[in-house]
Enquirer: 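Mind looking over this structure? Questions follow.
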Protein chains: 4
Amino acid sequence: MKYKDEKKIEAIFEATLRLTGTVGIAGLKMSHIAKEAKIASGTLYIYFESKEELLNSLYAHLINQGTLRKIPQFSHLPVKDQLAKIWESSLIFRVDNHTQIVFIEQFSISPFISKEGQKQTKKFTHHIKSLLDKGKEEGQVKNLNTQLMYSLLVGSIREFANERVKDKKRANKKFIAETFNLAWEAIKETA
Amino acid sequence: MKYKDEKKIEAIFEATLRLTGTVGIAGLKMSHIAKEAKIASGTLYIYFESKEELLNSLYAHLINQGTLRKIPQFSHLPVKDQLAKIWESSLIFRVDNHTQIVFIEQFSISPFISKEGQKQTKKFTHHIKSLLDKGKEEGQVKNLNTQLMYSLLVGSIREFANERVKDKKRANKKFIAETFNLAWEAIKETA
Amino acid sequence: MKYKDEKKIEAIFEATLRLTGTVGIAGLKMSHIAKEAKIASGTLYIYFESKEELLNSLYAHLINQGTLRKIPQFSHLPVKDQLAKIWESSLIFRVDNHTQIVFIEQFSISPFISKEGQKQTKKFTHHIKSLLDKGKEEGQVKNLNTQLMYSLLVGSIREFANERVKDKKRANKKFIAETFNLAWEAIKETA
Amino acid sequence: MKYKDEKKIEAIFEATLRLTGTVGIAGLKMSHIAKEAKIASGTLYIYFESKEELLNSLYAHLINQGTLRKIPQFSHLPVKDQLAKIWESSLIFRVDNHTQIVFIEQFSISPFISKEGQKQTKKFTHHIKSLLDKGKEEGQVKNLNTQLMYSLLVGSIREFANERVKDKKRANKKFIAETFNLAWEAIKETA
DNA sequence: GATGAATGAGGTTTCATTCAT
DNA sequence: TATGAATGAAACCTCATTCAT
C-alpha cells in the first residue's frame, strides 16, 4: 500500500464496504469498486497490488480500529461496569458500522483472507475473557466455563445489533441497558 | 430417467456444502463442485440450469428441512422444557451440519440469492417467539421485550455451536445442558 | 448409413428439414433433430455416424431426387416447351419443397459440406444450358452468352418461388405461365 | 474512450465477413473472429455484449449502407435509365462485396437474427416497385403484376452477381450492359 | 435396436490485471 | 498519477457423442 492519497484509499474502502453490503464478498468486482469510488479501475492498482491485497488491507484496517482502541481506558472500573462499557461501545459500533461488520464476517471465511488476517481477532476475545475470569475471582460472575459465558455475550450482542440494523434504528441508551441487563442476568453470580 | 436420480442431486449438494466450508461461496467453481461430486461438469447442467439455480436449489433444500420439522411434537411440554428440546436439537443440528449453516449464512448475502429464497426463515422465528410469549403469560419467563430474549437465545446458540465446531467436538449432553442453563438464566422469571 | 428402418431415416430427414427452416443450419442441434423426429438422440447415431454425415446424407438424398429425374422425358418437345416444362416442374418443386431448397442452399455454404457434395448440382445446370444452345441454333433463343441467359432463368425462378412461399400460396397454372412468359421474353429471339 | 474506436469495430466487422465467407455463419467462433481481427477475444466484448449482438450489429450496419444510399440522386432520369443505374450499382456492389451479401443472406435465416433486423430490407424493395409502377404508367414497362417483374429483376441480378464472383471477375461495363439489357427485354413494353 | 443420462472438449463470456496514453 | 481500453487466463456453459441399461 502506498500513501499517496489517504482520501482515495478511504473512498476505496468505503466503496468496498458499501458493495459488500449489497452483493456480498462473492459479488465484489474490481470494476464495480472503482466505479463506486469514482475512480478508474486502473487507479485501484496504484494503491493496492491486487484484489486480495485490497481486501486484506481493508480487513486489517477495520480490525485495527474497532472497539479495541477504547478498551484500556476503563480498566479501573468494576468488572460489571467494564463489561457494560464494552457492551455499549460494541453495540453502538456494530449498529453504526454494520457494513464493516458484514465485511469482516464474510471476509473471514472467504478464499481471500491471508494467514496474517486470521489471528487479528483474538485480542478482543482475550480481553473479554480476562474480565470474566477476574469477575469469577471476585465473586461477581458465575463460576462457569469462561468460554461459554464469552460465547453467550458475543453471540447475543451480534444478534442484538443485527436486529437493530434490520429495524433501521440506532442503539439508544435504553436498548443498550436492557440488552446488557439481559445478558448480565445469564452470567452474574446469584447469591 | 434411467440413472438420472436423487442420489446425484444429493451428491452435488453435499459437494457444494463441503466446498463452501473450505473456500466460501465466493470461491465456489462449477468445475470444482463437479470434481468433488465425482461427475463430469456437463452433468451439473442436466440437474441445474446454471450455477445460480444450483445454489438457490440447495438453499431451498436446506431451509425446508433444518430443525423445523421436529418442533411440533413437543407442544405438550412446559415452556422451559420445550425451549430446552429446541435448544438441544438446534445445537446438535448446527454443530453436526455446520457446512450447511455456513452455506445458508453466506448465501443469504450473496449475489446469487433470488427473491424467492429470502422469505423462508421466518417460521422458526415465529415459533420461538410464541413460546416466549406463552412463558411470559405463565410467569416462567421475564416480562421483557420478546424480541430481545429471542435475539439472546438465537445469537448465543449460534456462537455456542460455532465454538463447538471450531474445537472439533460434538454437542454432548453436558454441553447442551450447560449452555441451555446459561441462556435460561438470562430470561427466566426470578420470583 | 445403415438401412434398418427407412421410415426412421425419413423421419430424421424431415425433422432436419423442418428445423432448418426455422433455425437455419447454424441452429441445428442433434438433440433437437431427435426430439423433432420423436426418437432418442442416441438413436440418431445408429443411422448416422455423425452430424456431418447426417447432413451430407440428407444433401445427397435431396440432390438425387429433385426435378432432375423428370428432365429426360420431355426431350422430344421444342426447346421453348421443354423449358416451359422444366420451368413448371422446378417452380412447383421449389414452392412445395421449400424447406428442402432452404436446406440445400444453406448447406452448400456451411462448414459441414464434404468435397463429395459440391459437384452434384452440375447436371441440372448442364441440361438447361444444352437446351439454350439448341434454342440458339434453331433461332428461337437470342444469340447471347448462354451463361447469362441461364443465370436469368435460374435466378428469377428462385425468386418467384420464394415470393410464392412467402405469400403462402402454391404455384398454380396461371402463375407458372405468367412467370415463364416473362422470363421467356428476355431470352427469346425477336425476329 | 481513449483508443476504443470505430476502426476496431470496422476490423471486427471485416473479420466476421471474411470468416463467414469461408466457414459460414454456422462455423463462426468468437475466438476466430478475434484472431482474424487481431485483437484479444475479451476485446470483442467491449464492443459487443454477445455474439448475437455482434452479428445483429453487423447485419444492421450492412443493411444501412448497401446500394440504398445512392438511389435518390437518379430520380430525375427516365425509368429505364434509373433502373439501369440501380442495376449497375447493385451489381457492382454485390460482386465487390460478396462476403457481405453472403453474410446477409445467411444471417437472415440464422438463429441469431433479432426481431429488429427482420424488417430492414424493405426500403429497397419499395423503391424498385415504385419505379416499375411509374414505368407502367408511362408505357415503358409491361402492364404486368409489379411483384413478378420485381422478382425477375432481383432474382436475376443475384444470380448474375454470384456467377461473376464464382468466375473471380469484377463487373465491367460490358457485363453490366448485357445483363441489364437481358432483364430489360423481359419487362419492357413492346409496341 | 432404442434410450437418454453422462461425458468432456471446446465454445462463450467474465473480470483481475496491465499498459499506452 | 490517473485513466480506461485492452488483454487473456480461467470461469461458465453447450452439445456432439458415448454407453450402461
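Computation of the quantities below employed the complete heavy-atom set of this structure, encompassing side-chain atoms and omitting hydrogens, waters and symmetry-equivalent molecules. Remember, predicted model here, so these are calculated numbers, not experimental data.
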Enquirer: Between D/K7 and D/E14, does any side-chain N to carboxylate O distance fall below 4.0 Å?
Expert: no
Enquirer: Atom CG of A/L44 to atom C1' of F/dG4: distance rounded to whole Å?
Expert: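 In whole Å, F/dG4 C1' lies 12 Å from A/L44 CG.
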Enquirer: What is the separation between atom NZ on C/K35 and atom P on E/dA2, rounded to the nearest whole Å?
Expert: 20 Å
Enquirer: Under 3.5 Å for both donor-acceptor distances, Watson-Crick or wobble: does F/dC19 have a partner, and if so which one?
Expert: E/dG4
Enquirer: Give a yes/no on whether any side-chain N or O of B/T43 is located under 4.0 angstrom from OP1 or OP2 of E/dT7.
Expert: yes
Enquirer: Ignoring hydrogens and geometry, is there a side-chain-to-backbone donor-acceptor pair from B/K51 to B/L28 under 3.5 Å?
Expert: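 Confirmed, B/K51 side chain pairs with B/L28 backbone.
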Enquirer: Measure the distance from CD1 on D/I46 to C1' on E/dA16 and round it to the nearest whole Å.
Expert: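 My rounded result for the distance is 13 Å.
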Enquirer: Mind calculating the distance between NZ (C/K51) and P (E/dG11) to the nearest angstrom?
Expert: 13 Å
Enquirer: Give a yes or no on whether the backbone of B/I101 and the side-chain of B/E105 come within a donor-acceptor separation of less than 3.5 Å.
Expert: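 Side chain of B/E105 to backbone of B/I101, a donor-acceptor pair under 3.5 Å: no, none is there.
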Enquirer: What nucleic acid atoms does D/L28 come within less than 4.0 Å of, heavy atoms only: base, sugar-phosphate, or nothing?
Expert: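 Sugar-phosphate, backbone atoms only, no base.
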Enquirer: To the nearest angstrom, how far is C/F48 atom CZ from F/dT18 atom P?
Expert: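 Atom-to-atom, C/F48 to F/dT18, this comes out as 16 Å.
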Enquirer: Sub-3.5 Å donor-acceptor pair from the side chain of D/T43 to the main-chain atoms of D/I39, do we have one?
Expert: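 Pair absent, no side-chain N/O of D/T43 close to backbone of D/I39.
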Enquirer: Could you state the atom-to-atom distance from CD of B/E49 to P of F/dC12 in whole Å?
Expert: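 Rounding to the nearest Å, CD of B/E49 and P of F/dC12 are 16 Å apart.
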Enquirer: Start at the 5' end of DNA chain E and walk down; is the nucleotide closest to A/G42 or to C/A40 reached first?
Expert: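 That would be C/A40.
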Enquirer: Any sub-3.5 Å donor-acceptor pair from A/Q106's side-chain atoms to A/I25's backbone N or O?
Expert: yes
Enquirer: Rounded to whole Å, please give me the gap between OH in D/Y45 and P in F/dA9.
Expert: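 Going from D/Y45 (OH) to F/dA9 (P), I get 16 Å.
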Enquirer: It should be established whether B/Y47 places a side-chain nitrogen or oxygen under 4.0 Å from OP1 or OP2 of nucleotide E/dA6.
Expert: yes
Enquirer: Expressed as a whole number of angstroms, how long is the span from C/L55:CG to F/dC15:P?
Expert: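 For the pair C/L55 CG and F/dC15 P, the rounded distance is 15 Å.
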Enquirer: Pick the nucleotide of DNA chain F nearest each of B/M30 and C/K29; which residue has the one closer to the 5' end?
Expert: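 By nearest-heavy-atom nucleotide position, the 5'-most residue is B/M30.
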Enquirer: Within the 4.0 Å heavy-atom criterion, would you say A/K8 contacts the bases, only the backbone, or no part of the nucleic acid?
Expert: sugar-phosphate
Enquirer: Does B/S41 or D/K38 map to a spot on DNA chain F nearer the 5' end, using the closest nucleotide for each?
Expert: D/K38
Enquirer: Quick one: look up who F/dA10 pairs with, Watson-Crick or G-U, both distances under 3.5 Å, and put none if it's unpaired.
Expert: E/dT13
Enquirer: For C/I39 and for D/H32, locate the closest nucleotide of DNA chain E by heavy-atom distance; then report the residue assigned to the nucleotide nearer the 5' terminus.
Expert: C/I39
